[in-house]
Structure formats: structure tokens, C-alpha cells
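These numbers come from the heavy atoms of this one structure, side chains and all, not from hydrogens, waters or symmetry mates.
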Amino acid sequence: MKVIMHDGSVEEHSFDEEIGRGALRHTASHILAQAVKRLYPETKLAIGPSIKDGFYYDFDRETPFTDEELEALEAEMKKIVKENLKMERFTLPRAEAIKLMQEKNEPYKVELIEDLPEDEELSFFKQGEYVDLCAGPHVTYTSAVKAFKLTSVAGAYWRGSEKNKMLTRIYGTAFSSKADLEEYLTRLEEAKKRDHRKLGKEMGLFALRDEAPGMPFFLPNGMILRNTLLDYWHEVHEKWGYLEISTPQIMKRTLWETSGHWDHYKENMYTTVIDDEDFAVKPMNCPGSILVYQLEPHSYKELPLRYGELGRVHRHEMSGTLHGLFRVRCFTQDDAHILLAPDQIKDEVVRIAQLFDEVYSLFGLPYKIELSTMPEDHIGDEKDWEIATGALADAITSIGKEYIVNEGDGAFYGPKLDFHIQDSLGRTWQCGTIQLDYQLPGRFGLEYTGSDGEKHCPVMIHRVVFGSVERFIGVIIEHFGGKFPTWLAPTQVKVLPITDRNNEYVDGLIAKMKKKGIRCTADKRQEKTGFKIREAQLSKVPYMLIVGDKEQEDGTVSVRRRDTQANEVMSADEFIAMVADEIENRTK
């Protein structure tokens, strides 16, 4: 597949390569925009990049596109592909570029040009009658886009700012073959069935209300799931030597000025005034851990000192970006802040990576590691950043793990390792992170007494395993499709008596199971057994026990597992012991 690169040169790249994949999908976005201008010429163009799983294009139109209009756009796109239009790159001086876009009545393109550096080359791509301001890359002909699909419509603020106009964003995807597209669309359909917002409602896990946008309500079943997850978190962190703390939700502006958040993160923070002083609701937990460290003097013999905190934080996310549990304004970070000496960094990062591996393996979540380097907006000098970045890289390679580099995406105070987990549908989610920080300890004047009797400044590691507890719950809802392993399921066993004669026996079973810590309920409604089984399966309970006169007489239970149609008869004590073992060892 021939690709026109940013400089106008043509190179050969396959769809399996990121460059080839991005070029084909970028071209698909231009084909979409051309179709929109053909069918709805009054629509104004914004931007249309390729993204991880496809592409999108933002349009300014009085009314959003309907499903029928999307079908019409797809049909027009197919015509453009069939026309086999050549993708032609050309450049223009700044004044001519602005004039061209003004003539085409494209105000968003004019704004983009005006905001570009005056010495930047302005490149355009032309296909037939359609011309777009674009740096590329693109494939050479529209006919290369053999398989595509428009998938959804959403709102998006121009240039990502809620102060700007809300535009209409059309999402789509494109592949080099129809077979690959069909496979992707099948996965997309499965993802819709597993949507955590849908399952969260059906299973009574959480709710989202207009009265508190982006701030989820956890319901009884969701609290069982959440607390079980956090019980595991406490167990793991106690095992790995963390000391749990809790720090205030609201702290003075002066603290956030010292930390740098007031200058670098204020637009995402909620603020208030108390006793005529400015305060902020914490968007991060790290300054609180620093204040705890400052309470008493420390020696090198105490380090590394590991503070763990399940800290509730609030961040002002734009309303258009809120999405179930994945993007919220109020969430709990399973934070840890580790204060240590510089020569302890490698061993501690190795130790954290081993903890991450233990946790993700339990949930069946493979992962990849990404090393994010110094961003443009940062604090500290470049030498410290180089040392910190090298320390993270050395630690990961020393334990045989691989990583890819994500240039310029570090936190403003230090480089980081991001752990991208992969769910059962092959999607990736960034959850765990290890951030190395040479800056905040110095800004707060933190010290420890070294073996030489002198005062030294510690290094701080910021680290989360789940990331946001809420987001991780959303991920595992979709990963398991709501069919949680027994130890995690809100209801682990549901007992279904066939007649009222069996209720007393059922009550005895329930009492025995609860004594063993098994979460169980009985469905004693006067309904047919088949109906009760189907309902229990829909609620994704791992085990159903059908109990009739024969089971009562023999002291047995008829076991129906969640994903089977056959029943298995075993003694009640045998079943209880089996389930108790699964829960205790988290084997299923």
C-alpha cells in the first residue's frame, strides 16, 4: 500500500503497520467529509484524524446526523471509493491558504491556519473536487479504502474546550479487507452487549443521575462488588508492606501552589472559600501523603516508606467527555506514595511491577508497558528527568519486561510507566502507573537522615494499580461480561425451591452457606422453576441450586452452573465446601 508522507514523499507500508493503518483511516475520514459536502454542502468542516480503532470527523451543522443520513453518507462514500480519486498533496503560502478556505466558506480551517506558526508549511490534500487542510499521511487513491463503516455520532466541543461551540462528531472505522472489518464489527457488537452502563443497570450495580453528573451512585450489589475488590486491595497491600493512611478532601490553596497543581492543573480543580481563604477539593492524593511524611523526622533505616491511600478525588471533566464509570468527576484512586532514597529506585520499581503482575493475573488481564517521557509543560531540570527516565527503563528491562516509549506524555513532575491491560475482547485500558518524582519532595522540603548523618531529600514514587477504582470496576464488568468469578460476584449462589415443602430445607442450606461466608439468597416465589432458572442466569449468578423433595430427602442439591444447561447432583456439604474453597482461593 503506497502512502503519501508528511513531506510529500511516497513510501510502501502495510495495514499491519501503524503508519499504513493510520494513513488508510485518515483517508477514510476525508472520504467521509467529501460525502458530507456533497450531500449537505452547508455543513462546515472542522477536523478529521485517524484514531486507534478508526477515525472521526467533526462537523458544524444545525442538527445532528440521523441514522438514515449516516446510511446515505456510507452510500456516497462507496461511490467516492469506486471513483478511485487520486490523493494529491500541494502547499500554499499562508495568505493564499487563508484565501482558499475563506472562498470555500470554511471558518474552522481559517482559524486553524491563523493559529499555526507563520513559518510552518501549509499543506493540503485534494481528491476530486474536495480539498482539505491536512498534513497527512494518506494513501494514494481512494480505492484503497476497501472496507469501512460509520459507527456512531457524538457531540464534541471545537478544539476540546467547553467554551467553544458543540460540533457533531461522526465516528467510523476502516480496514484493508472486508473480512477484517466484519471481525471488528462482531467484536463491537459483543462490546455493546457487555457495555458496563447497560449491565450496571441490569445487575443493580450503579446508577448515574442528572443531579450529580459524572458522580456515580453505587447500589447494594455494586457496593458488594466494590467492597470485595477493596478487601482484596487491602490484603495485597498489607502483604507488600504498605501503611494505609487517609487524608482530607479539601486543603488550602497554598498547599496546591507549593505542589504546582494550582499553576499546572487549576482548570481541572474545584475550588471554594472557607474563612476568607481559598481552598481546593483535592484532584490528587500526593500532597496529603507529603503532609503525613512531614509529621515526624525520618531516617534512611525507614526507607522505602510506603503510604497507601484509597483517596476520593474530584476533577472537573468536560460534560461531553463523561462516560459511565470510565470518565467521571468523582472517583477513588488506589494510590500509594513511596518515599525512598535514590539508590533504592530500581529495586522498588521492580517490586511494584511484581505486585501489578500478581493483581492483573488474578483477573486474567495481560498487559503492556509504556514509558512516558518529559512533556513540554514540566517542572525541574532536564538532567533530573534523564536520570528518572533511565531509572524506570532499567528497572523494567532488568526483570525481562519490554516497554514502548510514549514521547512527551509524562506527568508535569516526572516520567512514568503506564500499564495497559487487555480485556477479553482485545481492548486495552490504561490502569496501573508508576510515576517517578524528583520534584515534589524538594518543593516541600522533605528530608531524611542518611547513613552519613547528613540530611538528604528523598525521591517520591506515585503509583496506582487499579487507577480509578470506579473505572477498573467498569473494565472488569465488560471484561467478564457481568459474569464475575465466584469470589467477586455480588450473589454467589441462588437457591430455587421447587415447592413450599422445600423451604425449611432451603433455609438450612442458606444458614450453612452464610456461616461459610458464601453470599446466597433463596427465590421462594410461586413461579415455575424454569422461569426462576432463566432469571437467575440473566442476573449472572455463578451457581443455582434446584431443590425438590428428592434433594431434601437425600441431603443433596441439584447444581446448575451459570453457563451450562445440565444439572449436577452432589451432597449439600460437598457443594458448600467446593464453593467456599473457590472463594477463599479466588480460583474461579
Side-chain angles (χ1 to χ4, degrees), residues 193-194 199-205 219-229 231-232 235 362-364 424 473 476-477 479-588:
K193 295 176 189 175
R194 292 170 178 247
L199 292 177
K201 184 177 180 180
E202 292 173 357
M203 299 175 70
L205 301 175
L219 307 180
N221 281 345
M223 283 305 296
I224 293 171
L225 172 63
R226 180 189 180 95
N227 287 335
T228 303
L229 196 63
D231 286 345
Y232 172 64
E235 181 185 314
L362 176 66
F363 295 93
S424 57
I473 288 173
I476 61 173
I477 289 172
H479 173 61
F480 292 116
K483 296 179 180 180
F484 299 111
T486 306
W487 71 274
L488 203 51
T491 300
Q492 294 161 331
V493 180
K494 184 164 278 191
V495 188
L496 313 176
I498 293 176
T499 71
D500 287 346
R501 293 190 303 274
N502 311 126
N503 284 348
E504 186 175 343
Y505 178 60
V506 165
D507 290 341
L509 288 173
I510 294 287
K512 280 184 178 181
M513 285 191 284
K514 287 188 173 180
K515 194 173 181 180
K516 290 288 188 181
I518 298 171
R519 296 189 289 271
C520 55
T521 59
D523 185 350
K524 297 179 180 179
R525 294 175 300 165
Q526 298 297 315
E527 299 283 357
K528 291 182 179 179
T529 303
F531 174 83
K532 291 196 280 190
I533 289 172
R534 284 192 298 276
E535 200 167 77
Q537 285 177 323
L538 286 173
S539 61
K540 308 187 191 310
V541 177
Y543 290 102
M544 290 147 277
L545 302 184
I546 296 93
V547 175
D549 293 339
K550 180 168 177 53
E551 287 79 15
Q552 182 172 327
E553 182 180 339
D554 296 343
T556 60
V557 289
S558 182
V559 182
R560 172 77 68 93
R561 297 173 191 264
R562 181 168 48 201
D563 293 317
T564 63
Q565 299 300 315
N567 293 350
E568 178 184 356
V569 177
M570 62 177 70
S571 75
D573 290 342
E574 182 186 358
F575 172 78
I576 292 170
M578 179 187 75
V579 174
D581 181 72
E582 283 183 15
I583 296 168
E584 182 181 357
N585 295 299
R586 301 188 179 97
T587 52
K588 290 186 180 179

Problem set entry | Stepwise side-chain hydrogen bond (donor to acceptor under 3.5 Å, both in side chains) test for Gln537 and Asp563 | CA-CA 8 Å; Gln537 285 177 323; Asp563 293 317; over 6 Å; no
Exercise. Under the salt bridge (charged side-chain N to carboxylate O under 4.0 Å, His left out) criterion, do Lys516 and Asp573 qualify, and how do the steps go?
Worked result: CA-CA 11 Å; Lys516 290 288 188 181; Asp573 290 342; over 6 Å; no
For this session: Please test Ile518 against Lys514 for side-chain contact (heavy atoms from CB on, under 4.5 Å), starting from the C-alpha separation and ending with a verdict.
Result: CA-CA 5 Å; Ile518 298 171; Lys514 287 188 173 180; over 6 Å; no
Exercise. Going through the checks in order, is the side-chain contact (heavy atoms from CB on, under 4.5 Å) test met by Val557 and Val569?
Worked result: CA-CA 6 Å; Val557 289; Val569 177; over 6 Å; no
Problem set entry | side-chain contact (heavy atoms from CB on, under 4.5 Å) assessment of Leu496 paired with Val547 | CA-CA 6 Å; Leu496 313 176; Val547 175; over 6 Å; no
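Side chain of Arg562 to main chain of Val541: no donor-acceptor pair is present (N/O by atom type, distance under 3.5 Å, no hydrogens or angles). A donor-acceptor distance shorter than 3.5 angstrom exists from the side chain of Lys532 to the backbone of Arg525, with no hydrogens or angles considered. Panel note: side chain Thr499, backbone Arg501; a donor-acceptor pair is recorded below 3.5 Å. Between the side chain of Asn221 and the main chain of Met203, a donor-acceptor pair closer than 3.5 Å is present.
With hydrogens and angles left out, the side-chain atoms of Arg561 and Tyr543 include a donor and acceptor closer than 3.5 Å. Side-chain atoms of Glu551 and Asn502 form no donor-acceptor pair, as typed in the model, at a separation below 3.5 Å. Under 3.5 Å, the side chains of Asn585 and Asp581 contain a donor-acceptor pair of N or O atoms. Using a 3.5 Å distance cut-off with no hydrogens or angles, the side chains of Arg194 and Ser424 do pair a donor with an acceptor. A donor atom on one side chain and an acceptor atom on the other are found under 3.5 Å apart for Glu582 and Thr486.
Ring planes of Tyr232 and Phe363: perpendicular class, angle over 60° (limits at 30 and 60°).
Side-chain contact between Val579 and Cys520 is absent, with no heavy atoms from C-beta onward closer than 4.5 Å.
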